[in-house]
Participant: 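Please read through the structure below; I'll follow up with questions.
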Amino acid sequence: MTHVITEPCIGVKDKTCVGECPVDCIYEGKRMLHPPDECVDCGTCEPVCPVEAIFCEDDVPGQWAQFTTENVRLSGQLGSPGGAAKTSPLPYDTGYLASYVTGR
Ligand code: SF4
Ligand code: SF4
């Protein structure tokens, strides 16, 4: 299980969460950020997000359920690089996230 970043992060990307992660596993994608399999589920990032985009996988709101699937998909693409400082920013998200329309 991991934490999942959802729709409100798209286009915000202020990276407050990045500085809070004890294992540096929040990776910057093209439109939003992603915590992949390296997430140890500590929950530290969740309360610091100014737009409440971060949820424990079990608590992702229903309307954003697909973001959990996309997080798994992106984890598969990314693998375990061992720290966002080594790889970010990534030049991609998943296809679903690339074409997601926020309405904002
Ligand atoms: S703190 Fe929230 S809005 Fe900012 S980058 Fe992290 S998930 Fe996105
Ligand atoms: S839950 Fe903890 S380990 Fe996972 S992304 Fe957030 S701060 Fe990092």
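One is the number of the first residue; the rest follow in order along the sequence. Source: prediction; values computed, not measured. These values consider heavy atoms only, across backbone and side chains, with no hydrogens, waters or symmetry-generated copies.
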Participant: Which atoms form the tightest heavy-atom contact between D14 and P50, and what is the distance?
Facilitator: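 Heavy atoms of D14 and P50 come nearest at OD2-CG, 3.5 Å.
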Participant: Do H34 and N71 have side chains that approach each other closer than 4.5 Å (heavy atoms only, starting at C-beta)?
Facilitator: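 They are in contact (side-chain heavy atoms under 4.5 Å apart), so the answer is yes.
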Participant: Distance from T94 atom OG1 to L78 atom CG, nearest 0.5 Å?
Facilitator: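 T94 atom OG1 to L78 atom CG measures 12.5 Å (nearest 0.5 Å).
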Participant: Just so I know, are the side chains of P36 and Y27 near enough to count as touching, which here means a heavy-atom distance under 4.5 Å?
Facilitator: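 They are in contact (side-chain heavy atoms under 4.5 Å apart), so the answer is yes.
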Participant: Do you reckon L74 sits in the same ILVMFWY cluster as I10, going by side-chain contacts under 4.5 Å, direct or chained?
Facilitator: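 No, because L74 and I10 fall into different hydrophobic clusters, even though each may have its own neighbours under 4.5 Å.
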Participant: Specify whether Y96 and F67 have parallel, tilted or perpendicular ring planes, treating 30° as the upper limit for parallel and 60° as the lower limit for perpendicular.
Facilitator: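 Perpendicular, since the angle between the ring planes exceeds 60°.
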Participant: So, D37 versus S80: side-chain donor-acceptor pair below 3.5 Å or not?
Facilitator: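 The criterion, which ignores hydrogens and geometry beyond distance, is not satisfied for S80 and D37.
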Participant: Does C39 reach the side chain of V23, with side-chain heavy atoms less than 4.5 Å apart?
Facilitator: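 Not in contact.
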Participant: Around K13, counting heavy atoms of other residues, nucleotides and ligands shown, do more than 12 lie under 6.0 Å from its NZ?
Facilitator: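 Atom NZ in K13 is crowded, with more than 12 foreign heavy atoms closer than 6.0 Å.
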Participant: Should L33 and L97 be counted in the same cluster of Ile, Leu, Val, Met, Phe, Trp and Tyr side chains packed under 4.5 Å apart?
Facilitator: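 They do share one cluster, since a chain of ILVMFWY contacts under 4.5 Å joins L33 to L97.
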Participant: Evaluate the side-chain proximity of Q66 to Y100: yes if any heavy-atom separation is below 4.5 Å, no if none is.
Facilitator: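 No, too far: nothing below the 4.5 Å cut-off.
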Participant: Identify the two heavy atoms, one from P47 and one from G43, that lie closest to each other, and give their separation to 0.1 Å.
Facilitator: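 Answer, listing the atom of P47 first, then G43: CD-O, 3.3 Å.
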Participant: Rounded to the nearest 0.5 Å, what's the gap from CD1 on I54 to SG on C17? Could you check?
Facilitator: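 Those atoms lie 4.5 Å apart.
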Participant: Would you sort out whether E57 and H3 count as a side chain to side chain donor-acceptor pair (under 3.5 Å), showing the intermediate values?
Facilitator: CA-CA 5 Å; E57 187 176 328; H3 271 56; over 6 Å; no
Participant: Would you indicate whether Q77, at its atom CD, is surrounded by more than 12 heavy atoms from other residues, nucleotides or ligands within a distance under 6.0 Å?
Facilitator: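 Atom CD in Q77 is packed in, count exceeds 12.
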Participant: Tell me, do I5 and I26 make a side-chain contact under 4.5 Å, heavy atoms counted?
Facilitator: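 Counting from C-beta outward, I5 and I26 do come under 4.5 Å.
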Participant: I need the D41 CG to E46 CD distance, nearest 0.5 Å.
Facilitator: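 Interatomic distance, D41 CG to E46 CD, rounded to 0.5 Å: 9.5 Å.
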Participant: Would you say the side chain of T44 lies within less than 4.5 Å of the side chain of C21, judging by non-hydrogen atoms?
Facilitator: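 C21 does not reach T44 side chain to side chain.
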Participant: Under a single-linkage definition using a 4.5 Å side-chain heavy-atom cutoff for Ile, Leu, Val, Met, Phe, Trp and Tyr, are V18 and V4 assigned to the same hydrophobic cluster?
Facilitator: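 Yes, it is one cluster - the side chains of V18 and V4 are joined through contacts under 4.5 Å.
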Participant: For the backbone of G82 and the side chain of D24, can you confirm whether one donor and one acceptor N or O come within less than 3.5 Å of each other?
Facilitator: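 No; zero donor-acceptor contacts below 3.5 Å.
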Participant: Testing the basics here: between P8 and W64, what is the closest heavy-atom pair and its distance to 0.1 Å?
Facilitator: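 Heavy atoms only, the tightest pair is CG-CH2, 3.5 Å.
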Participant: Side chains of T16 and C49: closer than 4.5 Å at any heavy-atom pair?
Facilitator: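 Heavy-atom side-chain distance check fails, nothing below 4.5 Å.
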Participant: With the side chain counted from C-beta on, respond yes when V60 and T6 share a heavy-atom pair under 4.5 Å apart, and no when they do not.
Facilitator: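 Yes, side chains in contact.
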